[in-house]
Amino acid sequence: MENHLFIYNTLSRKKEAFKPLNPPFVGLYVCGPTLYSDVHIGNCRTFTSFDIIYRYLLHLGYKVRYVRNITDVGHLEDEVAGVGEDRIGKQARLKKLEPMEIVQRYAFGFREVMSLLNLLPPSIEPTASGHIPEQIEMTQKIIEQGFAYVKEGNVYFDVEKFAKANNYGILSGRALDDQLNNTRELEGQEEKKGRLDFALWKKAKPEHLMRWNSPWGEGFPGWHIECSAMSQKYLGETFDIHGGGMDLIPTHHTNEIAQSMGCCGAAPVRYWVHTNMLTLNGQKMSRSLGNVFLPVELFTGMKLAADSPSATPSQAKLDGKHPLFEKAYNPMVVRFFMMQTHYASTLDFSNEALQAAEKGFFRLMESYKTLEKLQASATSSANIKKIEEDCYAAMNDDFNTSILLAHLFECARIINSANDKKEALTQTDIELLKKIYRHFIIDVLGLKREEESGKSAGALNSVMHLLLDIRNKAKENKDYATSDQIRDHLAKSGIQVKDSKEGASWSIN
Ligand code: AMP
Ligand code: ZN
């Protein structure tokens with residue numbers, strides 16, 4: 001298949017022409033979420049960026065197998081050092097639930113958010129706990145190759161031995177000495193030979209909840225081995241594209257390469273693609289820093305009601321309202337906000353940025369409606385073919401959605417100006433514009449045309465805020481007739497108001 005797609009490869013640190021191993025097939029693997037809490041808007045940015053990459057590859061005609069895993073075991077609290085409690089196990093202990101109940105609860109919310117953001121579901125969504133035999137088998141092979149050793153029921157990858165014949169820092173560009181000097185010695189890890197060694201398998205302490213039998217005793221897999229084992233199973237020893245956030249480069253992805261090389265001697269991935277971070281006031285949005293925003297705090301139209309058994313504690317308190325944001329946003333506005341910046345640049349999240357994105361999104365979608373009723377002229381004053389080529393050039397240049405949007409706004413300008421009779425478009429121009437909009441706005445960028453329903457959801461949300469506010473004031477003034485009237489009238493319209501300690505919330509029956 002002939003195309004001119006160039007992708008920035010973290011491995012070579014340059015843009016390379018994309019040549020799949022077995023065209024028209026493309027194997028794409030992206031590290032998915034660890035479901036011990038709600039996904040935040042930062043996680044959403046990474047998954048949305050890869051959704052656009054996936055969509056563009058499909059648009060070019062590739063047959064893509066897109067694997068995005070779910071981490072449900074083995075991700076410890078200190079992911080760099082590989083120590084601490086299992087994140088999911090800890091939540092299970094605190095909430096007195098089964099670990100799989102934790103995963104199920106957050107998987108619900110995750111899928112709802114992905115669907116509201118209009119992400120295409122991946123072809124396969126494998127879980128780490130569903131691939132324990134594959135991880136054990138790979139660990140065994142690494143031991144047989146001499147790159148891992150067993151110590152008291154644990155299996156560690158021998159980084160220094162591996163680094164003698166391979167470049168361990170190939171992805172991060174960091175020399176081994178530098179990594180060794182900047183890694184702290186940790187207590188409770190004395191059985192490791194070298195301080196960079198990481199666990200492929202961990203012995204389970206008596207209180208550890210998730211445990212499986214293995215040749216080395218009862219335990220659980222390390223975090224990194226799941227992605228190596230699952231990508232190999234579904235995409236082969238070497239596959240085309242592996243993605244994730246940039247924060248995964250120095251440890252998780254570096255160790256994935258070491259594991260696959262240690263097991264099979266082959267580099268697992270041809271193109272490593274990394275998305276940059278969503279920040280808040282310039283600082284990475286992350287659960288450990290406590291500066292995360294959740295979709296439920298921001299989106300209109302979240303279906304999960306606060307009293308739903310799948311609702312997470314945060315959902316019970318919030319629902320499209322966060323003190324820092326004046327109003328809730330259509331998820332499509334948030335999606336649009338993300339694609340305004342190239343995936344490899346940082347993106348700062350703020351009220352003003354979302355407001356600007358909302359204006360831009362509605363302007364683009366309004367022009368779509370105008371296009372549909374546009375009258376053709378006999379002559380043309382615009383070169384639409386050139387704009388179509390520019391749209392492809394933008395996406396072929398490492399999926400540059402920011403430049404693509406600039407070209408789409410040029411289309412919007414021409415459409416509006418033709419509508420005002422200041423420019424002329426022939427029927428052929430109009431048909432081509434419709435094609436550009438369908439291909440790029442709908443198929444590639446994945447923006448939904450239900451801007452009207454988005455708008456009305458936003459309007460409903462804001463009216464409900466006002467009504468509940470008035471009802472609250474009435475109650476404070478002991479004007480129960482008014483407060484009951486509001487509640488009863490809403491009930492007749494199918495809107496149920498619930499009072500709780502946190503205040504009133506509403507849901508549509
Ligand atoms: P986690 O659930 O923490 O393992 O993260 C899932 C994915 O989200 C990984 O690819 C991370 O790199 C990515 N991620 C985490 N925080 C951010 C952020 N602030 N901005 C963009 N991506 C992020
Ligand atoms: Zn991974």
Side-chain angles (χ1 to χ4, degrees), residues 1-20 23-31 42-68 114 117-120 122-123 239-246 248-249 253 269-278 332 334-347 357 360-361 364 387-411 436-447:
M1 194 177 312
E2 194 52 44
N3 76 69
H4 307 283
L5 174 60
F6 278 72
I7 302 183
Y8 181 85
N9 191 347
T10 311
L11 207 52
S12 62
R13 279 163 258 287
K14 50 179 193 272
K15 282 184 202 167
E16 293 176 22
F18 179 58
K19 294 200 170 51
F25 301 100
V26 170
L28 167 65
Y29 187 95
V30 173
C31 292
N43 303 132
C44 292
R45 180 189 188 199
T46 287
F47 301 136
T48 305
S49 300
F50 284 104
D51 180 61
I52 294 175
I53 291 175
Y54 176 41
R55 284 167 174 275
Y56 190 56
L57 292 169
L58 292 175
H59 177 73
L60 292 179
Y62 289 116
K63 301 207 175 330
V64 188
R65 178 176 289 167
Y66 176 20
V67 183
R68 189 184 64 211
M114 294 298 102
L117 282 170
N118 202 26
L119 268 70
L120 296 175
S123 330
F239 59 94
D240 297 300
I241 306 174
H242 191 317
M246 277 180 188
L248 301 183
I249 297 173
H253 289 167
V269 176
R270 289 158 53 87
Y271 303 85
W272 281 94
V273 178
H274 289 101
T275 51
N276 212 326
M277 295 294 108
L278 184 79
M332 283 304 101
V334 180
R335 187 176 172 109
F336 180 88
F337 157 71
M338 290 174 177
M339 64 185 60
Q340 282 177 306
T341 304
H342 184 247
Y343 75 81
S345 306
T346 53
L347 171 62
F361 173 68
L364 190 62
I387 302 183
E388 187 190 31
E389 284 163 17
D390 289 346
C391 289
Y392 278 104
M395 284 307 283
N396 283 339
D397 183 14
D398 195 28
F399 313 103
N400 201 323
T401 51
S402 164
I403 307 264
L404 170 62
L405 277 180
H407 297 309
L408 292 173
F409 275 113
E410 173 60 6
C411 293
I436 293 173
Y437 267 34
R438 204 173 56 247
H439 282 168
F440 287 97
I441 298 182
I442 307 296
D443 297 348
V444 174
L445 294 179
L447 292 168

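The structure presented is a predicted model; accordingly, all values stated were derived computationally and were not measured.
Pairs of residues two or more places apart, or lying in two chains, that qualify as salt bridge (Lys or Arg N to Asp or Glu O under 4.0 Å) and include a residue from residues 48-61 are D51-R55, D51-R335. The list of salt bridge (Lys or Arg N to Asp or Glu O under 4.0 Å) pairs with a residue in residues 389-406, not counting sequence neighbours, reads K15-D397, K386-D390.
The shortest side-chain heavy-atom distance between H253 and H274 falls under the 4.5 Å cut-off. At least one side-chain heavy atom of F409 sits under 4.5 Å from a side-chain heavy atom of L364. Looking only at side-chain heavy atoms (C-beta outward), I53 and I7 stay at 4.5 Å or farther from each other. When side chains are defined from C-beta on, V334 does not count as touching C44, because their heavy atoms never get closer than 4.5 Å. You'll find the side chain of L119 stays beyond 4.5 Å of the side chain of Y54, heavy atoms only. Looking at T341 and N276, their side chains never come closer than 4.5 Å, going by heavy atoms from C-beta outward. In this structure, the side chains of L447 and M339 come closer than 4.5 Å at one or more pairs of heavy atoms.
Remark: side-chain polar atoms of T401 are not paired, donor with acceptor, to backbone N or O of H342 under 3.5 angstrom. A donor-acceptor pair under 3.5 Å is absent between the side-chain atoms of R270 and the main chain of F18, judged by distance alone. With S123 contributing its side chain and Y66 its backbone, the two residues share a donor-acceptor pair below 3.5 Å. D240 contributes no side-chain N or O that, together with a main-chain N or O of L28, makes up a donor-acceptor pair within less than 3.5 Å.
Here T275 pairs with T46, S49, F50, Y343 under the side chain to side chain contact (heavy atoms under 4.5 Å, CB included) rule; sequence neighbours left out. Residues satisfying the ring pair (Phe, Tyr, Trp, His ring centres under 6.0 Å) test with Y8, not counting sequence neighbours, are none. In this structure S12 satisfies the side chain to side chain contact (heavy atoms under 4.5 Å, CB included) test together with N9, K14, E16, sequence neighbours excluded. In this structure R68 satisfies the salt bridge (Lys or Arg N to Asp or Glu O under 4.0 Å) test together with E125, sequence neighbours excluded.
Separation of atoms NZ (K63) and CG (L58) is listed at 9.5 Å; rounding is to 0.5 Å. A distance of 11.0 Å separates CG in N118 from CG in L445, rounded to the nearest 0.5 Å.
Taking the six-membered ring where the residue is Trp, F399 and Y56 present perpendicular rings, their angle passing 60° and hence far from 30°. By the 30° and 60° cut-offs, the orientation of the rings of H242 relative to W272 is parallel.
Aromatic pair H439/Y392: ring centres not closer than 6.0 Å.
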